[in-house]
Amino acid sequence: MVFTKHDARNTTKPSSFHSTTRNLPIILFDIMDTVVRDPFYRDVPAFFGMSFDELIECKHPTAWIEFEKGITDEVELAKTFFKDGRPLDLEGLKNCMRKGYYYVEGNLFCRYEMIENKLNISKYLSWTFCSCINGKRKPDPEFYLEVVSHLKVDPGSCIFVDDRIRNVEAVKEVGMIGLHFKNADSLRQDLSLMGIDISTKQTNLQQQ
């Protein structure tokens, strides 16, 4: 899941790819564990009474991925989540995840709908690219190529921020600029070195 944010102070146009009247650069934010805490690593294993490693061992290897891509729906996910076919309390899992969503400090079910309903992220950034809608998932290069095609910009005009280094390296392969998210302060420093200032003086993204 990716948000877009445009820096309105930089009006440099891209030198190639597609012509555009957009203000640049374009900043693309990963959501989970970059903007919003991902409950999958702590809350979900606890919901099942397992450790994370135990959950990974017994869940189906592709069921969640297929669901995130929109290939399957909630009903099918409930049937296939576990390799051994044990029943899944889908509503309980959804409630567990919903409770675990809050903004990262300092800053399906399509999951994006659950996050939006709770945190109203679109007040600050625009939902643009979601795996359950476009059927592609990071770090697939086709995901990033669809981004630049949709935005009609040069890949080099896009800055992609993600907490997973694998995804950051993947965007570099298609010509985007990748920033590895560690925390809000380091991100502000990284962007500042690129001449981009993200002010947080008037915006409180913490859970009220």
Side-chain angles (χ1 to χ4, degrees), residues 1-4 28-104 108-123 125-151 160-171 173-174 181 207:
M1 295 182 286
V2 178
F3 274 120
T4 59
L28 303 162
F29 287 89
D30 166 61
I31 295 303
M32 305 316 301
D33 276 342
T34 301
V35 177
V36 175
R37 173 184 178 270
D38 191 343
F40 185 77
Y41 298 96
R42 296 187 184 90
D43 301 1
V44 172
F47 171 76
F48 290 115
M50 304 177 184
S51 69
F52 178 73
D53 289 340
E54 289 171 335
L55 176 60
I56 294 302
E57 176 62 28
C58 64
K59 79 177 188 66
H60 191 281
T62 63
W64 186 262
I65 294 173
E66 291 170 354
F67 173 69
E68 280 203 329
K69 287 183 175 181
I71 298 172
T72 58
D73 59 15
E74 291 184 8
V75 174
E76 186 64 23
L77 176 67
K79 294 177 181 177
T80 60
F81 186 85
F82 290 107
K83 288 189 293 188
D84 60 9
R86 73 184 74 171
L88 170 68
D89 177 4
L90 183 63
E91 290 304 315
L93 177 60
K94 290 166 67 173
N95 288 333
C96 167
M97 297 184 72
R98 188 180 293 109
K99 291 176 182 177
Y101 290 136
Y102 54 81
Y103 284 107
V104 170
L108 251 121
F109 27 123
C110 280
R111 282 200 293 170
Y112 83 93
E113 293 177 344
M114 294 171 62
I115 297 170
E116 174 64 18
N117 289 338
K118 180 175 182 179
L119 300 178
N120 193 26
I121 289 180
S122 60
K123 178 179 179 181
L125 300 168
S126 299
W127 286 106
T128 311
F129 307 102
C130 300
S131 297
C132 62
I133 294 176
N134 64 21
K136 299 179 178 64
R137 191 171 183 264
K138 298 171 297 179
D140 183 351
E142 289 298 322
F143 179 93
Y144 307 110
L145 291 174
E146 184 167 307
V147 169
V148 293
S149 177
H150 175 85
L151 296 174
F160 182 82
V161 183
D162 199 302
D163 64 299
R164 297 189 181 187
I165 192 65
R166 180 185 179 191
N167 294 337
V168 172
E169 293 300 325
V171 302
E173 294 179 6
V174 300
F181 178 82
Q207 187 176 18

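Shown here are the side-chain hydrogen bond (donor to acceptor under 3.5 Å, both in side chains) partners of Arg166, two or more places apart in sequence or in another chain: there are none. For Arg37, the side-chain hydrogen bond (donor to acceptor under 3.5 Å, both in side chains) partners are Asp43, Tyr102, not counting sequence neighbours. Residues forming a salt bridge (Lys or Arg N to Asp or Glu O under 4.0 Å) with Asp163 (at least two apart in sequence, or on another chain): none. Listed by chain and residue number, Phe48 satisfy the ring pair (Phe, Tyr, Trp, His ring centres under 6.0 Å) test with Phe81 (two or more places apart in sequence, or in another chain). Listed by chain and residue number, nothing satisfies the salt bridge (Lys or Arg N to Asp or Glu O under 4.0 Å) test with Asp53 (two or more places apart in sequence, or in another chain). With sequence neighbours left out, the salt bridge (Lys or Arg N to Asp or Glu O under 4.0 Å) criterion links Glu142 to no other residue. Scanning for side-chain hydrogen bond (donor to acceptor under 3.5 Å, both in side chains) contacts around Asn117 gives an empty result, with sequence neighbours left out. For Asn95, the side chain to side chain contact (heavy atoms under 4.5 Å, CB included) partners at least two apart in sequence or on another chain are Arg98. Thr62 pairs by the side-chain hydrogen bond (donor to acceptor under 3.5 Å, both in side chains) definition with His60, Glu66, not counting sequence neighbours. Under the salt bridge (Lys or Arg N to Asp or Glu O under 4.0 Å) criterion, Lys136 pairs with Glu146, sequence neighbours left out.
Contact between Lys118 and Gly100 at its shortest, heavy atoms only, is NZ-N, 4.5 Å.
Side-chain contact check for Asp30 versus Val35: every heavy-atom pair is 4.5 Å or farther apart.
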